[in-house]
*Asks:* 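First the structure, then my questions, so here it is.
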Amino acid sequence: MTTISLVAGNCGRGRGYEDGRFEFRSNLYLGKDVLASDLFNNNPFRRRANGCLSKALKGFGNGNGRRFRVIARVKKGKKHDYPWPDNIDLDIKDGHLTYLSHFKPLAEKPKPVTLPFEKPLVDLEKKIIEVCRMADETGLDFTDQIGALENKYQQALKDLYTHLTPIQRLAIARHPNRPTALDHILNITEKWVELHGDRAGYDDPAMVTGIGTMDGKSYMFIGQQKGRNTKENIFRNFAMPTPHGYRKALRMMKYADHHGLPIITFVDTPGAYADLKSEELGQGEAIAHNLRTMFGLKVPIVTVVIGEGGSGGALAIACPNKLFMLENSVLYVARWDPFLLFTRKITN
């Protein structure tokens, strides 16, 4: 990695040359963009001394033909100063990489959660465990009984999940142990850098954005992030973004469109945060702006519903070229206006 620092001075002091060139070495900075290629290639009067290159800036000078000169110092840096080392430690505690993501592996496994309609399966599991324990303690052969219970369990499991009611599917989509957006992203990407902020003063943790690579190609990832426990859910606002979150997603979409990065979005939210403050900050306007912008992006957009997708809060990042839904995930709309806009655009 090569870094270039530019310094310029005032026209009162410096070193003059016979051809009218003038070189300054002061601590004042000049607000003028200078390309490194210009410093190396386009300057016929360039001068090399002590690792410095100098260039005359056109348009700056006085009546005597003396012009400003910019001094560029070229400094060699380490290979992996930024943004990511070869082998990143997800448990990193200090250093400049800690700010890239708040998402860390949990210290302990989450507790198993049993949904109400799964209790018959839990009872069968307990019976199988009990029979196995008795077989170990007594030394008797309970193979036939264990086999019969396991067959019964498999049949009950198949019957239960083949004939799920809509409310049962919704309960599975909202399951606390369901993988989150960052779980999916970190499992499918080789490198991942999370990007923060809406450039308006706030970073909404309910909406995660960043650039990741798969098979050597870069993609923009955007998703709604649920927590894996109560503390994380409070921090992530239960995956209900505020206007800041949707404006952050909008900023990243425009960035991806400008640089030609395909966009992959993960939908997992009960809806946009509907408190008074969010409405005052323009929640509806932020969602509508995202809808309008996504319809006009040139890069391909793929949306995956990984859990629950509710209302306009889901549609704000779910106007793709191709939409996929994981098994036992749901997508529903409670606001008619965005829904009609969405369907009208798709049908046309």
*Asks:* Classify the angle between the aromatic ring planes of His184 and Phe266 as parallel (below 30°), tilted (30 to 60°) or perpendicular (above 60°).
*Replies:*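 Taking Phe266 first and then His184, their aromatic rings lie parallel (interplane angle under 30°).
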*Asks:* Sequence neighbours excluded, which residues qualify as side-chain contact (heavy atoms from CB on, under 4.5 Å) partners of Met253?
*Replies:*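 Ile222, Ala249, Ile263, Asn290, Met294, Leu297, Ile317.
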*Asks:* If only atom types and distance count, is the side chain of Asp198 paired as donor or acceptor with the main-chain N or O of Lys248 below 3.5 Å?
*Replies:*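 Not a single qualifying donor-acceptor pair exists.
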*Asks:* Given 3.5 Å as the limit, does a donor-acceptor pair link the side chain of Glu232 with the main chain of Arg228, or not?
*Replies:* yes
*Asks:* Any luck finding a side-chain donor-acceptor pair between Gln283 and Tyr273 under 3.5 Å?
*Replies:* no
*Asks:* Applying ring-ring contact (aromatic ring centres under 6.0 Å, His included), can you list everything that pairs with Tyr161, at least two apart in sequence or on another chain?
*Replies:* none
*Asks:* Just grab all the side-chain hydrogen bond (donor to acceptor under 3.5 Å, both in side chains) pairs involving residues 255-267, residues at least two apart or on different chains.
*Replies:* Thr265-Thr303
*Asks:* Can you tell me how far OG of Ser311 sits from CD1 of Ile287, rounded to the nearest 0.5 angstrom?
*Replies:*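 Rounded to the nearest 0.5 Å, the CD1-OG separation comes to 6.5 Å.
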*Asks:* Would you say the side-chain atoms of Arg247 and His244 include a donor-acceptor pair closer than 3.5 Å?
*Replies:*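 No, no side-chain donor-acceptor contact under 3.5 Å.
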*Asks:* Looking at CE of Met214 and OG1 of Thr189, how far apart are the two atoms once the value is rounded to the nearest 0.5 Å?
*Replies:* 8.0 Å
*Asks:* Considering only NZ, NE, NH1 and NH2 on the basic side and carboxylate oxygens on the acidic side, decide whether Arg133 and Glu137 come within less than 4.0 Å.
*Replies:* yes
*Asks:* Going by distance alone, is a donor N or O of one side chain under 3.5 Å from an acceptor N or O of the other, for Asp275 and Ser278?
*Replies:*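 The answer is yes; a qualifying pair exists.
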